[in-house]
Undergrad: 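Please find one structure pasted underneath; my questions will follow.
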Amino acid sequence: MKQKFLLICALAVSGLAAKAQDAKPAESPLVISGSVDTYFKYDFAGKKAANIQTSFANESNSVSLGMIDLGLKKKVGKASFVGELSFGPRGQSQSIPDVAGSSYHIQNLYVSYDLTDKLNVTGGYMGTFVGYEVISPVGNFNYSTSYLFTNGPFQNAGLKFTYTFSDKASLMAGIFNDAWNNYSSTNDLSTFGAQLMIAPVKGWTAYLNVAAGYYSGLELDLTTNYQITDAFKLGLNVADFSQPSYKFAPNAGNGGFTGAALYPQYAVSKDVTLGLRAEYFSAKKGSTTPGSFSGVIPGESVTAFTLTAAVKSGPLTFIPEVRLDNGSAAQFFDSKGVATKSAGQFSVAAVYAF
Amino acid sequence: MAQKDSLALDDHGKYIYYKVVTAANNSAGVLYARALTSIKRSADGRRLKLLSEDAKNTSFVCDGNFLVSKVTSLAKHDDGGITCKLNCEVKDGKYRYWFTDFVFTPYMRDRYNSYVPQIGLDIPIEKIEKKYDKKDVDHFMDECAAFAIGKGRLLEGYMQAEPVAKKDTVTKKVITINKW
């Protein structure tokens with residue numbers, strides 16, 4: 001009895017003391033982050049215009065600009081916002097069709113609220129949930145980008161709900177604007193998007209994505225990463241896209257693409273990581289709008305190998321890269337301007353992340 | 001003295017923050033109850049989570065976690081998370097606790113401009129100097145020590161808990177305007 005009484009007293013005292021010591025949890029600070037990138041590229045055929053037509057790093061024989069990217073994030077209690085703006089070719093004319101000529105581009109602009117510990121709602125303009133690569137050079141290992149990235153969505157505006165079952169599984173479902181990569185819809189809010197995240201074993205995450213709408217088409221995507229050892233990581237992206245047939249022009253858009261890219265990366269030291277991107281990309285038969293996917297016309301394909309080194313010095317990363325693309329059709333041009341099946345380039349980029 | 005100097009190496013070569021504290025006139029039961037209360041009721045209890053208790057109610061283990069930023073970054077954002085274990089054991093009149101198993105997980109920027117863990121990369125703090133600059137390593141070690149010292153103080157505060165005098169109730173003054 002005495003022991004019980006002592007225990008109750010102890011708990012009561014601890015409780016009172018705890019109350020005195022409890023303080024309001026500090027709110028998170030305003031987070032500022034971003035990056036700056038610039039590059040030099042040499043096309044092996046000496047072409048000035050982009051021979052390999054995937055996104056960014058398009059200018060040959062030139063020291064050229066990527067972008068300056070500035071992001072803000074703040075969370076107070078259950079509510080947060082992100083605002084991220086970019087200035088420069090990578091974020092503007094090379095990136096998004098609807099803002100060509102603008103002086104900036106919005107990368108992310110959304111607000112988010114934790115409805116419960118497991119359920120979150122987010123609305124606004126967000127980096128797409130589809131695919132392996134992203135616009136920001138900080139988020140990619142290779143500096144040039146894949147055919148799958150270039151021809152998939154970059155960003156989607158909409159409203160999404162994410163339910164986290166555990167740290168091994170979550171599900172996102174949302175409704176997005178009909179047109180990808182636009183701040184506003186063309187007609188309506190009609191693209192359905194969903195993402196299932198699973199982490200079957202330690203170090204391995206896989207994302208199954210779907211973006212489906214009558215206006216932009218249907219893309220099914222698998223993006224996965226497996227950190228097999230401390231030094232070795234393997235990534236994989238597989239996607240299939242079907243372009244919709246337009247009512248006003250039934251023959252204009254019934255094509256699509258299928259592709260896969262493998263991303264093995266090996267850290268040879270704390271400052272140097274080597275990585276390869278091996279990609280196969282095939283344009284489906286049928287017609288497309290525009291007439292090709294980064295130069296790959298319907299019924300043809302391309303195989304691309306990109307060998308990249310990421311050499312870190314604090315916040316600065318040097319990225320020398322060699323890329324060789326080989327098409328089933330003569331989609332490139334040689335030094336004499338004759339159509340050819342292969343193209344190659346060397347680039348070196350500097351990316352400063354802060 | 002840098003805070004990281006408060007960490008010592010144990011006989012397994014792991015960094016540890018270790019303390020034995022005398023708490024005369026307190027039974028093991030009382031100390032155990034107070035220690036558990038400190039974990040369950042501390043303001044930032046999300047940073048320490050009870051993992052297991054022994055059947056005899058004399059010891060428990062908690063998971064700890066906190067976020068760190070590099071000192072070499074221009075802007076301040078989460079560059080990594082550190083997890084650790086808090087072990088606590090009580091006896092009549094004394095108790096001991098120690099923080100160990102510090103593991104660093106680097107964070108990366110994701111497509112939504114958030115900083116998130118790099119899944120699968122867990123670096124024991126003892127090996128972190130092979131991966132990061134010395135300035136950052138020293139800072140991360142300082143943060144480990146600061147976490148352990150701060151949580152240790154909080155725990156010791158609960159263990160010493162004395163009855164807190166009830167504050168006098170402040171009576172609200174009522175003004176009657178009918179009489180003047």
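Within every chain, numbering begins at 1; the chains are lettered A, B, ... in the order of the sequence lines, protein sequences first and strands thereafter.
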Undergrad: Can you establish whether the number of heavy atoms outside W204(A) located under 6.0 Å from its atom CH2 is more than 12?
TA: no
Undergrad: What residue, out of S136(A), G83(A), S80(A), has the most heavy-atom pairs lying under 4.5 Å from chain B?
TA: S136(A)
Undergrad: Looking only at heavy atoms, what is the nearest atom pair of K73(A) and N113(B), with distance?
TA: CD-O, 4.1 Å
Undergrad: For S114(B), is it the side chain, the backbone, both or neither that has a heavy atom under 4.5 Å from a heavy atom of chain A?
TA: both
Undergrad: Let me confirm one number: the NZ-OG distance from K130(B) to S269(A), rounded to the nearest 0.5 Å.
TA: 13.5 Å
Undergrad: What closest approach, in Å, do S33(A) and H77(B) show between heavy atoms, and which atom pair accounts for it?
TA: CB-CD2, 3.7 Å
Undergrad: Does the side chain of I119(B) reach to within under 4.5 Å of the side chain of K202(A), using non-hydrogen atoms?
TA: no
Undergrad: Please look at V31(A) and chain B and tell me whether the side chain, the backbone, both or neither of the residue comes under 4.5 angstrom of a heavy atom of that chain.
TA: both
Undergrad: Would you confirm whether Y110(A), through its side chain, and Y112(B), through its main-chain N or O, come within 3.5 Å as a donor-acceptor pair?
TA: yes
Undergrad: Taking side chain as everything from C-beta outward and backbone as N, CA, C, O, which of these in N108(A) sits under 4.5 Å from a heavy atom of chain B? Side chain, backbone, both or neither.
TA: side chain
Undergrad: Taking atom CZ of F232(A) as the centre, report whether more than 12 heavy atoms of other residues, nucleotides or ligands fall under 6.0 Å from it.
TA: yes
Undergrad: Is it the backbone or the side chain of S35(A) that comes under 4.5 Å from a heavy atom of chain B, or both, or neither?
TA: neither
Undergrad: Which atoms form the tightest heavy-atom contact between K270(A) and E129(B), and what is the distance?
TA: NZ-O, 4.4 Å
Undergrad: Under 6.0 Å from the six-membered ring centre of Y132(B) and within 45° of its axis: does the NZ or CZ of K312(A) meet both?
TA: no
Undergrad: Kindly say whether V130(A) contributes a backbone atom to a donor-acceptor pair with the side chain of R111(B) at under 3.5 angstrom?
TA: yes
Undergrad: Does F318(A), at its CZ atom, have more than 12 non-hydrogen atoms belonging to other residues, nucleotides or ligands within less than 6.0 Å?
TA: no
Undergrad: Checking heavy atoms, do the side chain of N225(A), its backbone, both or neither come under 4.5 Å from chain B?
TA: neither
Undergrad: Given heavy-atom pairs under 4.5 angstrom as the criterion, report whether the side chain, backbone, both or neither of I228(A) touches chain B.
TA: neither
Undergrad: Please flag which part of K76(B) lies under 4.5 Å from any non-hydrogen atom of chain A: side chain, backbone, both or neither.
TA: backbone
Undergrad: Check whether any side-chain heavy atom of K233(A) lies under 4.5 Å from a side-chain heavy atom of L121(B), and answer yes or no.
TA: no
